[in-house]
Amino acid sequence: MTGEVKTMDYQRTALSIADVAKILQVSEKTVTRMLRDGAIPGFKVANQWRFHPDDFEKWLNSKRGTNDDSSELSSVDGLGYEPLPLSRLTAEDLILPNLSAGSKREVLSALVKPLAARGVVEDKEAFVEGLWAREKMVTTGIGGRVALPHLRNPEDQPIERPLMVIGVSKKGIDWSSIDNLPVHLFLMPITGNEVLHVRTLFAIRRALAVEDFVDKIIAAKSRSEVLSILLMVETLQMNRTELT
């Protein structure tokens with residue numbers, strides 16, 4: 001769908017999750033998931049999510065202004081895309097099997113380091129600052145011992161192809177997660193554009209839904225074992241798809 005939105009059929013007051021779900025014609029659960037993934041702009045008031053109409057309209061116009069027939073919303077719900085293989089987004093040099101505990105900034109800096117070493121990120125401090133700014137909006141600790149640190153605007157860091165840094169902490173790191181549990185598994189995507197960003201987040205969530213996936217990654221004894229687990233999960237998901 002193309003063309004800008006000229007008018008919106010809601011008042012110029014803060015929108016609720018229910019309002020946005022109705023406008024987008026998706027479930028409130030989908031909107032909540034998009035908020036947690038940073039895929040849609042929102043803010044909290046008294047622990048309730050709200051959306052500024054101007055920010056929301058700008059975001060919606062950006063989605064309708066693309067020529068991609070497969071919209072972000074369909075990708076969030078897993079429609080219109082072939083599964084994105086996570087094993088192709090990472091590599092042994094992007095896997096940190098013994099992530100040291102520290103402040104959030106120190107952990108984010110450690111996660112960015114392999115990207116800087118590759119030359120993918122030229123200004124490491126600026127990239128860390130971008131991650132930290134996103135973290136201050138709302139925690140990327142999604143629960144279940146997992147955090148998904150990422151930039152609020154993927155376009156802020158152009159990149160030739162999407163990548164993912166994996167960090168593992170055996171002891172766990174306090175990340176102010178939504179379930180208040182320490183984070184043991186950090187999955188940090190860097191994509192360069194919002195469509196690939198949401199596709200990557202969806203692929204991550206599919207993997208996290210696989211039984212014992214998180215436990216296996218945390219218990220892995222080597223970088224190569226982490227890659228093997230990702231390949232195993234993708235094979236399992238592919239086989240299930242072929243059977244349906």
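All figures in this text were calculated on a predicted structure; none of them were measured in a lab.
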Which heavy-atom pair separates [X] from [Y] by the least distance, and what is that distance?
{"X": "Trp49", "Y": "Gly42", "value": "CZ3-C, 3.6 Å"}
{"X": "Thr139", "Y": "Gly141", "value": "OG1-N, 2.9 Å"}
{"X": "Ala220", "Y": "Ile229", "value": "CB-CD1, 4.1 Å"}
{"X": "Ala39", "Y": "Val198", "value": "CB-CG2, 4.0 Å"}
{"X": "Val210", "Y": "Val233", "value": "CG2-CG1, 3.7 Å"}
{"X": "Leu108", "Y": "Pro149", "value": "CD2-CB, 3.8 Å"}

Applying the 4.5 Å side-chain criterion to the ILVMFWY set and letting contacts propagate, would [X] and [Y] be lumped into a single cluster?
{"X": "Leu99", "Y": "Val146", "answer": "no"}
{"X": "Val121", "Y": "Leu163", "answer": "yes"}
{"X": "Val112", "Y": "Leu151", "answer": "yes"}
{"X": "Val128", "Y": "Ile159", "answer": "yes"}
{"X": "Ile217", "Y": "Leu201", "answer": "yes"}

Hey, what do you get for [atom1] ([X]) to [atom2] ([Y]), rounding to the nearest 0.5 Å?
{"X": "Leu115", "Y": "Met164", "atom1": "CG", "atom2": "CE", "answer": "11.5 Å"}
{"X": "Leu196", "Y": "Glu155", "atom1": "CG", "atom2": "CD", "answer": "10.0 Å"}
{"X": "Leu96", "Y": "Leu111", "atom1": "CG", "atom2": "CG", "answer": "6.0 Å"}
{"X": "Ile173", "Y": "Glu106", "atom1": "CD1", "atom2": "CD", "answer": "10.0 Å"}
{"X": "Leu86", "Y": "Thr200", "atom1": "CG", "atom2": "OG1", "answer": "7.5 Å"}

Using the side chain to side chain donor-acceptor pair (under 3.5 Å) criterion, which residues pair with [X]? Sequence neighbours excluded.
{"X": "Glu129", "result": "Arg105"}
{"X": "Lys124", "result": "Ser109"}
{"X": "Arg205", "result": "Asp37"}
{"X": "Arg118", "result": "Asp93"}

Considering the options Leu89, Leu227, Leu94, Leu230, which one meets the side chain to side chain contact (heavy atoms under 4.5 Å, CB included) requirement together with Ile166?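 For Ile166, the side chain to side chain contact (heavy atoms under 4.5 Å, CB included) test succeeds with only one of Leu89, Leu227, Leu94, Leu230, which is Leu230.
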What residue pairs, at least two apart or across chains, pass salt bridge (Lys or Arg N to Asp or Glu O under 4.0 Å) with a residue in residues 133-152?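 Output for this query lists Arg145-Asp215.
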Which residue pairs satisfy the salt bridge (Lys or Arg N to Asp or Glu O under 4.0 Å) criterion with at least one member in residues 219-232, sequence neighbours excluded?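 Of all non-adjacent pairs touching residues 219-232, none passes salt bridge (Lys or Arg N to Asp or Glu O under 4.0 Å).
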Regarding Ser224 and Glu92, is there a side-chain donor-to-acceptor distance under 3.5 Å anywhere?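 No pair is found: no donor N or O on one side chain lies under 3.5 Å from an acceptor on the other.
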Taking the side chain as C-beta and beyond, is there a heavy-atom pair between Thr235 and Met232 under 4.5 Å?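 They are not in side-chain contact.
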Within a strict 4.5 Å, meaning less than it, do heavy atoms of the Val138 and Phe43 side chains meet?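 Not touching, per the 4.5 Å side-chain cut-off.
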How would you list all residue pairs meeting ring pair (Phe, Tyr, Trp, His ring centres under 6.0 Å) that involve [range], not counting sequence neighbours?
{"range": "residues 204-223", "result": "none"}
{"range": "residues 140-174", "result": "His150-His197"}
{"range": "residues 112-135", "result": "none"}

Evaluate the criterion side-chain contact (heavy atoms from CB on, under 4.5 Å) for residue pair Val31 and Phe51; output intermediate values, then yes/no. CA-CA 11 Å; Val31 176; Phe51 304 81; 3.8 Å; yes
In residues 177-191, what donor-acceptor pairs under 3.5 Å come from side-chain atoms, sequence neighbours left out?
| from | atom 1 | to | atom 2 | distance (Å) |
| --- | --- | --- | --- | --- |
| Asp179 | OD1 | Leu181 | N | 3.1 |
| Asp179 | OD2 | Gly144 | N | 2.7 |
| His184 | ND1 | Ser169 | O | 2.9 |
| His184 | ND1 | Lys170 | O | 3.1 |
| Thr191 | OG1 | Asn193 | O | 3.2 |

Applying side chain to side chain contact (heavy atoms under 4.5 Å, CB included), can you list everything that pairs with Ser16, at least two apart in sequence or on another chain?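 So Ser16 forms a side chain to side chain contact (heavy atoms under 4.5 Å, CB included) with Ala18, Asp19, Arg50.
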For Ser100, all residues meeting side chain to side chain contact (heavy atoms under 4.5 Å, CB included), sequence neighbours excluded: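 Partners of Ser100 by the side chain to side chain contact (heavy atoms under 4.5 Å, CB included) criterion come out as none, since no residue qualifies.
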